[in-house]
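Residue numbers start from 1 in every chain, and the chains themselves are labelled A, B, ... in the order their sequence lines are given, proteins ahead of strands.
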Amino acid sequence: MFNKRTRIKDLLANESLSSGVIVMGWVRTFRNNQFIALNDGSTNNNLQVVAELGKFKESILKRITTGAALKVSGEMISSLGKGQKIELKANSIEILGDSDAEKYPLQPKKHSLEFLREIAHLRFRTNTFASVFRVRHTLAFAVHKFFNDKGFVYLHTPIITASDAEGAGEMFHVTNFDLTHPAKNEDGSINYKEDFFGKATNLTVSGQLEGELAAMALADVYTFGPTFRAENSNTARHLAEFWMIEPEMAFYDLEDNANLAEEFIKYIISYALENNKEDLEFLSQRLAEEEKQKPQQERSEMGLIEKLEFVINNNFERLTYTEAVQILKESNHNKKKKFQYLIEEWGVDLQSEHERYLVEKHFKKPVILIDYPKQIKAFYMRQNDDGKTVAAMDILAPGIGEIVGGSQREERLDKLTERMNEMHVSTEELDWYLDTRRFGSVPHAGFGLGFERVVQFVTGMTNIRDVIPFPRTPKSAEF
RNA sequence: UCCUCCUUAGCUCAGUUGGUUAGAGCAUCUGACUGUUAAUCAGAGGGUCCCCCGUUCAAGUCGGGGAGGGGGAGCCA
């Protein structure tokens with residue numbers, strides 16, 4: 001058996017002095033031909049390995065370079081130096097993998113996030129990304145734990161789909177055709193009957209409609225999987241491939257839905273705070289240093305951990321679209337024409353500058369906006385009695401904007417088909433979806449939450465490309 | 001897709017009005033030192049100035065086009 005190693009995190013936490021300890025990891029720095037800062041990914045804190053002078057051959061010492069992988073066995077002793085309490089006095093050092101220092105791109109210094117994005121295959125070896133991806137893991141685990149504890153069923157919805165009527169965004173085509181010679185109809189159009197699935201297929205943009213089908217039997221379900229949008233979006237909060245969480249609940253109205261979403265967000269944040277305190281403290285410090293570079297007025301008032309605790313301990317502000325428009329309309333910002341798009345009439349969609357104003361300036365906390373005008377929302381949202389609005393909800397978070405989009409679904413067959421016809425959504429193609437309204441339809445609701453945006457919010461990373469291991473964006477699908 | 005900024009050594013950047021052999025810090029290599037903490041000290045090597053075209057006696061520098069990247073907007077999660 002090869003792996004009998006002890007994790008560095010455990011060694012440092014226990015502070016126990018013992019012999020016969022084996023650690024494996026990667027060299028961060030090698031100082032004075034004697035002191036190795038070794039990291040094994042379990043924590044950002046390095047273990048100081050001491051290679052006593054004269055004890056090891058020059059041929060071994062030469063190979064202890066930044067990035068090299070080592071297996072070290074020895075004795076944990078109280079440190080003779082000042083920077084750490086304990087250290088590993090090496091009895092043997094085995095080079096598991098060499099690292100040519102002249103070619104290894106990571107140096108013991110600060111690198112720009114843009115540069116690290118270009119070497120995304122190696123950026124896990126930096127403290128920032130190690131922390132981000134440990135936190136990402138914890139959040140993903142917390143998602144499953146939250147829903148499992150509440151009796152939800154984790155539903156795997158298809159990644160390849162033939163339904164193109166969801167209107168959530170541009171889709172990537174999935175085909176097995178030889179693109180230079182696809183099968184064609186007599187009129188020259190592509191004949192998808194000859195394609196792999198016998199029809200045109202795409203990568204999913206949302207598992208919601210399938211989620212609703214399962215919710216009509218299992219009552220409480222959620223999805224958590226990859227989602228694809230072929231939008232040409234070049235921003236710090238959009239990806240072509242991202243992970244989405246979509247709970248769908250029978251016997252829920254809009255208020256139940258908002259309550260669940262708020263409880264859910266608070267739960268996963270507190271779970272990360274409890275289980276990744278060290279990483280969040282590191283990221284908090286990183287963010288604080290980054291903030292120092294900004295002009296005073298652009299700096300955020302709260303530190304990262306402070307902000308997370310604030311979100312956990314305060315209720316999200318809830319108001320209707322109509323109330324929000326009223327606030328925006330009467331704001332000094334609007335009167336002084338500081339908005340690029342001035343708020344004049346009811347019914348227009350809010351721009352991100354308006355959302356930011358509400359969240360960051362007016363309420364200074366997460367906001368749940370409900371009851372949007374029906375003409376700016378999807379066909380499946382439940383129509384309110386006023387005839388003008390639908391039971392939609394968006395949750396807006398400081399710094400990143402829309403983090404959750406959801407609604408109570410239209411459960412009344414006649415109302416739903418009427419709306420589909422108005423919006424030119426094919427009732428034939430979605431006949432299977434309408435069956436849920438034909439047989440035992442019940443009030444139900446759900447929401448979608450972009451996982452990377454949550455990771456951004458919790459880690460304080462400002463660019464979404466830095467919270468997913470290998471980001472897919474327009475003109476970029478490296479690794 | 002639109003607006004805007006950027007691209008010079010492995011990294012972060014400087015480079016004057018267009019003018020001889022393009023610089024610094026860090027990293028790397030060599031040597032010294034040896035309880036260091038992104039060690040320190042001394043020395044050395046390292047360049048397709050993003051690409052193409054043009055203006056000019058002369059282009060890292062000016063003009064046009066292209067590519068890549070950042071920030072903002074739209075679309076959204």
Review point. Side chain of A/Glu231: nearest nucleotide among B/C29, B/C75, B/A38?
Key: B/C75

**Study point:** Salt bridge present between A/Glu353 and A/Arg356 (N-O < 4.0 angstrom)
**Key:** no

Practice item. Determine which pairs satisfy salt bridge (charged side-chain N to carboxylate O under 4.0 Å, His left out) with at least one residue from residues 467-479 of chain A, sequence neighbours left out, and list them in order. Key: none

Table of protein N/O atoms under 3.5 Å from nucleotides 68-70 of chain B N/O atoms:
{"unit_1": "B/G70", "atom_1": "OP1", "unit_2": "A/Arg117", "atom_2": "NH1", "d": "2.8"}
{"unit_1": "B/G70", "atom_1": "OP1", "unit_2": "A/Arg465", "atom_2": "NH1", "d": "2.9"}
{"unit_1": "B/G70", "atom_1": "OP2", "unit_2": "A/Arg465", "atom_2": "NH1", "d": "3.4"}

Give every donor-acceptor pair under 3.5 Å between a side-chain atom in residues 362-373 of chain A and any protein atom, sequence neighbours left out.
{"unit_1": "A/Lys365", "atom_1": "NZ", "unit_2": "A/Asn315", "atom_2": "O", "d": "3.1"}
{"unit_1": "A/Asp371", "atom_1": "OD1", "unit_2": "A/Asn384", "atom_2": "ND2", "d": "3.1"}
{"unit_1": "A/Tyr372", "atom_1": "OH", "unit_2": "A/Asp394", "atom_2": "OD2", "d": "3.4"}

**Study point:** Short N-O contact, A/Glu262 and A/Arg318, less than 4.0 angstrom
**Key:** yes

Practice item. Would you mind checking if A/Lys150 and A/Glu263 are paired as a salt bridge, meaning a charged N to carboxylate O distance below 4.0 Å? Key: yes

Check your understanding: Hey, what's the ring geometry for A/Trp243 with A/Phe224, parallel, tilted or perpendicular (30° and 60° as the breaks)?
Key -> perpendicular

Check your understanding: Distance check: side-chain N/O of A/Arg237 vs OP1/OP2 of B/G72, anything under 4.0 Å?
Key -> no

Exercise for review: Take atom CG of A/Leu106 and atom P of B/A27, then tell me their distance rounded to the nearest Å.
Suggested key: 14 Å

Practice item. Write down the distance separating the C1' atoms in B/U40 and B/C5, rounded off to the nearest Å. Key: 40 Å

Check your understanding: What nucleic acid atoms does A/His238 come within less than 4.0 Å of, heavy atoms only: base, sugar-phosphate, or nothing?
Key -> base

Practice item. Look at the side-chain N and O atoms of A/Thr29 and state whether any lies under 4.0 Å from the OP1 or OP2 oxygen of B/A39. Key: yes

Exercise for review: Would you mind classifying the nucleic acid contact of A/Ser112 as base, sugar-phosphate or nothing, using non-hydrogen atoms under 4.0 angstrom?
Suggested key: sugar-phosphate

**Study point:** Distance test, side-chain N/O of A/Thr235 to OP1/OP2 of B/A73, below 4.0 Å
**Key:** no

Review point. Is A/Arg229 paired with A/Glu170 through a side-chain N to carboxylate O contact shorter than 4.0 Å?
Key: no

Practice item. Would you jot down, in residue-number order, the residues of residues 78-87 of chain A having a non-hydrogen atom under 4.0 Å from RNA chain B? Key: A/Ser79, A/Leu80, A/Gly81, A/Lys82, A/Gly83, A/Gln84, A/Glu87

Point to revise | Closest-nucleotide ordering on RNA chain B, the 5'-leading residue of A/Glu52 and A/Ile464 | key: A/Glu52

Check your understanding: What is the distance from CD of A/Glu58 to P of B/U30, rounded to the nearest Å?
Key -> 10 Å

Practice item. Could you tell me whether the side chains of A/Thr157 and A/Thr223 share a donor-acceptor contact shorter than 3.5 Å? Key: no

Exercise for review: Indicate whether any N or O donor in one side chain lies under 3.5 Å from an N or O acceptor in the other, for A/Ser73 and A/Asn91.
Suggested key: no

Check your understanding: Is it the case that A/Glu212 and A/Tyr433 place a side-chain donor and acceptor less than 3.5 Å from each other?
Key -> yes

Point to revise | A/Ile400 CD1 - B/C75 P separation (whole Å) | key: 18 Å

Check your understanding: Which residues in residues 30-39 of chain A have at least one heavy atom lying under 4.0 Å from any atom of RNA chain B?
Key -> A/Arg31, A/Asn32, A/Gln34, A/Phe35

Check your understanding: Angle class for the A/Phe479/A/Phe470 ring planes (parallel below 30°, perpendicular above 60°, tilted otherwise)?
Key -> tilted

Check your understanding: What nucleic acid atoms does A/Gln351 come within less than 4.0 Å of, heavy atoms only: base, sugar-phosphate, or nothing?
Key -> sugar-phosphate

Practice item. Tell me, please, which residues at least two apart from A/His111 pass ring pair (Phe, Tyr, Trp, His ring centres under 6.0 Å). Key: A/Phe115

Study note, to complete from the structure: With sugar-phosphate taken as primed atoms, P, OP1 and OP2 and all else as base, the protein-contact string of nucleotides 2-10 of chain B at under 4.0 Å (heavy atoms; B, S, -) is --------B

Point to revise | Residue A/His121 excluded, over 12 heavy atoms near NE2 under 6.0 Å | key: yes

Check your understanding: What pairs with A/Tyr357 under ring pair (Phe, Tyr, Trp, His ring centres under 6.0 Å), at least two apart in sequence or on another chain?
Key -> A/His333, A/Phe339

Tabulate protein N/O versus nucleotide N/O from nucleotides 48-52 of chain B, keeping only pairs under 3.5 Å, one per line.
none

Exercise for review: Would you list the pairs meeting salt bridge (charged side-chain N to carboxylate O under 4.0 Å, His left out) in which at least one residue belongs to residues 63-83 of chain A, sequence neighbours left out?
Suggested key: A/Arg63-A/Asp98

Review point. Which of the following nucleotides, B/G72, B/C76, B/A73, is nearest to the side chain of A/Arg229?
Key: B/C76

Return a table of donor-acceptor pairs under 3.5 angstrom between the side chains of residues 401-409 of chain A and protein atoms on other chains or two or more places apart.
{"unit_1": "A/Ser407", "atom_1": "OG", "unit_2": "A/Arg409", "atom_2": "NH1", "d": "2.7"}
{"unit_1": "A/Gln408", "atom_1": "OE1", "unit_2": "A/Leu254", "atom_2": "N", "d": "3.0"}
{"unit_1": "A/Arg409", "atom_1": "NE", "unit_2": "A/Glu248", "atom_2": "OE1", "d": "3.4"}
{"unit_1": "A/Arg409", "atom_1": "NE", "unit_2": "A/Glu248", "atom_2": "OE2", "d": "2.9"}
{"unit_1": "A/Arg409", "atom_1": "NH2", "unit_2": "A/Glu248", "atom_2": "OE1", "d": "2.9"}
{"unit_1": "A/Arg409", "atom_1": "NH2", "unit_2": "A/Gly446", "atom_2": "O", "d": "3.3"}

**Study point:** Residues A/Arg136, A/Glu452: salt bridge by 4.0 Å N-O rule
**Key:** yes

Check your understanding: With distance as the sole criterion, do the side chain of A/Ser233 and the base of B/C75 form a donor-acceptor contact below 3.5 Å?
Key -> yes

Practice item. Mind checking A/Leu239 for me? I need base, sugar-phosphate or nothing, with any heavy atom below 4.0 Å counting as a touch. Key: base

Review point. Is RNA chain B part of any stem, that is, at least 3 consecutive Watson-Crick or G-U pairs with both distances under 3.5 Å, and where?
Key: B:1-7 with B:67-73, B:10-13 with B:23-26, B:28-32 with B:40-44, B:50-54 with B:62-66

Exercise for review: For the pair A/Phe146 and A/Tyr267, name the ring-plane relationship: parallel under 30°, tilted 30 to 60°, perpendicular over 60°.
Suggested key: tilted

Exercise for review: Would you check if there is a donor-acceptor pair between the side chains of A/Thr462 and A/Gln456 at a distance under 3.5 Å?
Suggested key: no

Study note, to complete from the structure: To the nearest angstrom, the CG-P distance between A/Asn232 and B/A73 comes to 16 Å

Review point. Quick check: are there more than 12 heavy atoms from other residues, nucleotides or ligands sitting under 6.0 Å from OH of A/Tyr154?
Key: yes

